[in-house]
Amino acid sequence: MATNFTVNGREVSVEADPETPLLWVLRDELRLTGTKFGCGVAQCGACTVLLDGMSRRSCVTPVGTLDGAEVTTIEAIDGPEAQAVQAAWVEIDVPQCGYCQSGQVMSATALLRTLPKPTDEEIDQAMGGNICRCATYARIRRAIRQASDNLEA
């Protein structure tokens with residue numbers, strides 16, 4: 001049975017076991033490899049996408065639950081919040097190894113879309129599900145604050 005949903009503005013129909021994680025459909029079927037596999041149990045955040053505008057861990061999201069949904073991946077994230085986050089990421093030189101960064105950017109963008117002026121505590125809470133092996137957490141927080149300030153300006 002096919003599951004029909006939208007990915008990055010494009011309607012797709014996927015023939016897959018309904019329990020197949022969205023992550024594998026994105027990477028293996030749709031060839032969108034910006035979303036990364038980290039842990040497979042929704043603990044690291046490397047696989048974060050936006051599902052109907054909210055951040056979601058694609059490694060534990062069954063494709064069968066997505067009929068009619070809208071999925072946005074790092075390949076197509078756009079809008080003022082995404083642009084501000086990406087610019088701050090570059091300016092502050094957030095990435096070190098870079099593996100977690102697509103999930104970090106997706107979570108930060110979702111945060112600023114729902115809470116344009118977050119406190120440090122709110123940033124830490126929203127980003128707490130995103131693990132960075134290189135421990136660039138201080139730079140991530142600083143970049144989110146800068147993106148927020150740039151949106152306000």
Side-chain angles (χ1 to χ4, degrees), residues 4-12 14 21-40 42-61 63 65-153:
N4 302 299
F5 56 103
T6 302
V7 177
N8 298 338
R10 181 175 62 101
E11 291 184 25
V12 297
V14 175
L22 171 61
L23 173 65
W24 300 120
V25 169
L26 292 172
R27 292 183 60 81
D28 296 343
E29 303 295 325
L30 302 177
R31 303 290 184 226
L32 296 169
T33 58
T35 303
K36 304 299 183 198
F37 173 76
C39 66
Q43 296 299 304
C44 75
C47 69
T48 303
V49 298
L50 299 185
L51 177 58
D52 294 328
M54 303 298 291
S55 63
R56 178 71 61 93
R57 304 300 189 251
S58 64
C59 71
V60 294
T61 302
V63 72
T65 65
L66 299 177
D67 214 30
E70 184 174 328
V71 176
T72 304
T73 69
I74 192 69
E75 288 89 350
I77 191 72
D78 199 13
E81 297 87 359
Q83 291 169 357
V85 166
Q86 291 167 345
W89 243 244
V90 170
E91 188 173 324
I92 293 178
D93 197 23
V94 170
Q96 194 162 318
C97 82
Y99 194 81
C100 70
Q101 294 308 302
S102 60
Q104 300 279 2
V105 167
M106 297 301 286
S107 292
T109 299
L111 168 63
L112 293 179
R113 285 182 177 170
T114 58
L115 193 58
K117 199 69 178 159
T119 65
D120 283 350
E121 293 78 23
E122 290 166 330
I123 291 170
D124 292 346
Q125 181 178 4
M127 300 302 291
N130 291 80
I131 295 173
C132 176
R133 289 181 177 186
C134 303
T136 64
Y137 300 112
R139 292 194 309 247
I140 290 168
R141 184 188 305 134
R142 193 172 43 186
I144 293 170
R145 283 195 315 255
Q146 180 172 317
S148 174
D149 290 345
N150 290 345
L151 284 168
E152 190 176 59

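The residues of the chain are indexed from 1 along the displayed sequence.
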Worksheet, complete the sentence: Tightest non-hydrogen contact, residues R139 and D93, listed as NE-O, 3.2 Å

Worksheet item: Listed by chain and number, what are the side chain to side chain contact (heavy atoms under 4.5 Å, CB included) partners of D149, not counting sequence neighbours?
Response: K117

Discussion item. Tell me whether the count of non-hydrogen atoms from other residues, nucleotides or ligands lying under 6.0 Å of CD in E122 goes above 12.
Written reply: yes

Practice prompt. Test C132 against Q104 for side chain to side chain contact (heavy atoms under 4.5 Å, CB included), laying out the working first.
Written response: CA-CA 9 Å; C132 176; Q104 300 279 2; 3.9 Å; yes

Item to complete: I would like to know whether V63 and W24 meet side chain to side chain contact (heavy atoms under 4.5 Å, CB included); could you show each step before the answer?
Response: CA-CA 9 Å; V63 72; W24 300 120; over 6 Å; no

Discussion item. In the structure I gave you, are the side-chain heavy atoms of S107 and R57 within less than 4.5 Å of one another anywhere?
Written reply: yes

Discussion item. Main chain of R27, side chain of T33: is a donor-acceptor contact present, judged purely on distance under 3.5 Å?
Written reply: no

Item to complete: Grab the two heavy atoms, one from T73 and one from M106, that are nearest each other, plus how far apart they are.
Response: C-CE, 3.8 Å

Worksheet item: For T61, which residues count as a side chain to side chain contact (heavy atoms under 4.5 Å, CB included) partner, sequence neighbours excluded?
Response: L22, L51, R56, T65, L66

Worksheet item: Sub-3.5 Å donor-acceptor pair from the side chain of Y99 to the main-chain atoms of F37, do we have one?
Response: yes

Fill in: Option among T109, L112, L151 that satisfies the side-chain contact (heavy atoms from CB on, under 4.5 Å) test with P80
L151

Worksheet item: Who pairs with N150 by side chain to side chain donor-acceptor pair (under 3.5 Å), at least two apart in sequence or on another chain?
Response: none

Worksheet entry | Heavy-atom side-chain contact between I77 and Q86 under 4.5 Å | yes

Item to complete: Might you point out which heavy atoms bring C59 and G40 nearest each other, and give the distance in Å?
Response: SG-C, 3.6 Å

Fill in: Atom pair CD/CH2 of Q101 and W89 - distance to nearest 0.5 Å
6.5 Å

Worksheet item: Can you name the closest pair of heavy atoms from S148 and P118 and give their distance?
Response: OG-CD, 3.9 Å

Response to the item:
Only residue of I140, I92, I123 satisfying side-chain contact (heavy atoms from CB on, under 4.5 Å) with R145 is I123

Fill in: Distance in Å, C47 SG paired with I74 CD1, rounded so as to fall on 0.5 Å steps
13.0 Å

Response to the item:
Between Y137 and N130 the two heavy atoms that sit nearest each other are CE2-O, 3.7 Å

Worksheet entry | Nearest-0.5 Å distance, CE of residue M127 to CD of residue Q125 | 12.5 Å

Worksheet entry | Electrostatic pair D124-R141, nearest N-O below 4.0 angstrom | yes

Item to complete: Among L32, V49, L30, find the residue that satisfies the side-chain contact (heavy atoms from CB on, under 4.5 Å) test when tested with N8.
Response: L32

Worksheet item: Taking the side chain as C-beta and beyond, is there a heavy-atom pair between C44 and C100 under 4.5 Å?
Response: no

Item to complete: Report yes or no: does D52 contribute a side-chain atom to a donor-acceptor pair with the main-chain N or O of E70 at less than 3.5 Å?
Response: yes

Item to complete: Find out whether R113 and L50 are in side-chain contact, i.e. whether some heavy atom of one side chain is under 4.5 Å from a heavy atom of the other.
Response: yes

